[in-house]
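Input: a single structure, listed below in structure tokens.
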Amino acid sequence: MLKQNWTLSDLKGRPMPGLNVVTAGYFPTIGASLERGRSFSDDGGAASELIINRALAESWWPDEDPIGQCIRVGNDRACTTIVGIVENVLMYDRLDTNKAQVYLSPAHEYGKKARPRGLMIRATGSAEALLPAVRPILQSLSPDMPFVPADTLETLVAPQLKPWRLGTTMFLIFGGIALVIAVVGLYSAMAFAVSQRTLEIAIRLALGAPRRHVARQVSARGLAAIGAGLVLGFGLALFATRWLVDLLYETSPRDPAVFAAVVAVLAVAAIAAAIVPIRRSTALDPIVILKTE
């Protein structure tokens with residue numbers, strides 16, 4: 001028994017879903033799983049069946065079961081029943097994952113009028129190596145076509161990924177330059193601090209202070225500066241993430257794993273930059289320094 005009768009032309013404020021005509025093997029081919037219900041029937045009943053994605057189910061029926069609901073597509077007076085709900089998949093854009101979608105069978109009245117736009121093949125091995133064998137088969141199915149284009153999915157989505165990869169590369173380059181500048185600056189600051197305390201360190205060593213004690217004091221100041229810089233930088237990063245939301249894809253601007261990795265890299269780089277001045281402070285000859293002063 002049908003629960004409700006919806007018409008795509010009368011959405012009542014709901015988002016207009018995209019209409020797609022696919023066969024039952026489309027979802028396994030693209031790797032999309034049915035979350036509820038089933039796929040199209042093989043006994044001819046697919047003409048009165050349709051499948052929706054999770055976005056449409058959550059938008060139109062947030063508090064009830066969409067399975068069994070009825071939708072009239074276009075001017076078709078016949079009612080088409082929802083038999084399954086599929087997960088959200090990418091359609092035309094890498095960010096277009098939450099758009100409502102309706103999937104109809106080619107046996108549907110609307111599907112009979114639709115022109116096929118492509119054939120998707122799932123390869124068990126290398127998709128690139130399969131292309132030379134696929135083209136002659138497709139050409140034999142449509143002898144009137146002068147050329148049958150066949151490409152891998154990776155090739156088709158490459159233009160959309162190119163700006164993201166370019167942006168990622170530029171961020172990595174700028175981040176690496178900033179890291180090198182920070183390391184050089186920290187090394188210079190630590191080296192300057194040690195040079196300013198050369199006389200003090202020489203006197204301590206001449207009076208019998210253990211070199212490890214001197215190294216511990218120099219290290220303590222250096223680590224304090226590193227810790228203060230990390231805390232300040234962490235706070236500024238949390239504040240600045242609000243402007244990075246539109247530049248990120250499938251990543252939270254405040255991902256704990258990302259922040260932990262960045263803090264670890266900066267801490268290791270800072271400690272590595274401070275090692276040389278600290279070791280230099282323990283290698284001072286107090287006699288030479290005192291004679292010089």
Side-chain angles (χ1 to χ4, degrees), residues 27-36 53-59 62 85-101 122-123 126-128 152-190 216 219-278:
F27 302 112
T29 301
I30 66 173
S33 59
L34 283 169
E35 298 182 344
R36 297 177 59 189
N53 68 341
R54 187 195 317 129
L56 182 59
E58 294 175 350
S59 174
I85 302 174
V86 70
E87 64 177 324
N88 296 339
V89 298
L90 299 175
M91 295 299 292
Y92 305 107
D93 191 283
R94 292 288 296 181
L95 301 178
D96 191 19
T97 57
N98 297 321
K99 180 176 176 57
Q101 300 290 341
R122 188 174 185 87
S126 173
E128 192 74 30
T152 63
L153 187 60
E154 181 180 0
T155 303
L156 294 176
V157 301
Q160 294 187 20
L161 294 178
K162 188 175 181 180
W164 292 92
R165 289 174 175 169
L166 178 60
T168 302
T169 303
M170 296 303 296
F171 274 118
L172 287 175
I173 293 175
F174 292 144
I177 294 174
L179 181 61
V180 171
I181 294 175
V183 171
V184 172
L186 181 60
Y187 171 81
S188 302
M190 290 292 295
R216 191 181 303 118
S219 302
R221 294 194 176 185
L223 292 177
I226 293 173
L230 289 176
V231 171
L232 180 60
F234 187 82
L236 291 176
L238 285 176
F239 177 76
T241 50
R242 66 181 68 182
W243 292 290
L244 298 178
V245 175
D246 295 336
L247 301 177
L248 301 177
Y249 176 69
E250 292 187 350
T251 301
S252 171
R254 298 185 178 181
D255 190 344
V258 174
F259 273 89
V262 171
V263 169
V265 170
L266 292 176
V268 171
I271 293 173
I275 286 178
V276 175
I278 293 173

* Apply the test side chain to side chain contact (heavy atoms under 4.5 Å, CB included) to residues Val89 and Asn53: give CA-CA distance (whole Å), side-chain angles for both, the deciding distance (0.1 Å), then the verdict. => CA-CA 8 Å; Val89 298; Asn53 68 341; over 6 Å; no

* To do: Taking the side chain as every heavy atom from C-beta outward, state whether Leu238 and Phe259 have any atom pair closer than 4.5 Å.
  =>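 Yes, side chains in contact.
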
* Under 3.5 Å, side chain of Ser59 to main-chain N/O of Ala55, donor-acceptor pair present? ->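 No, because the side chain of Ser59 does not come within donor-acceptor range (under 3.5 Å) of the backbone of Ala55.
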
* To do: Keeping the roles fixed (side chain from Glu87, backbone from Ser33), state whether a donor-acceptor pair exists under 3.5 Å.
  =>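 Pair found, side chain donor or acceptor close to backbone of Ser33.
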
Separation of [Y] [atom2] from [X] [atom1] (nearest 0.5 Å):
X      : Y      : atom1 : atom2 : result
Thr29  : Phe27  : OG1   : CZ    : 10.0 Å
Asn88  : Lys99  : CG    : NZ    : 12.0 Å
Leu166 : Phe171 : CG    : CZ    : 10.5 Å
Leu56  : Glu58  : CG    : CD    : 10.0 Å
Arg165 : Leu172 : CZ    : CG    : 13.5 Å

* Asked: Given the rule in the side chain to side chain contact (heavy atoms under 4.5 Å, CB included) test, do Val180 and Ile177 qualify, once you have shown the distances and angles that lead to the verdict?
  -> CA-CA 5 Å; Val180 171; Ile177 294 174; 5.8 Å; no

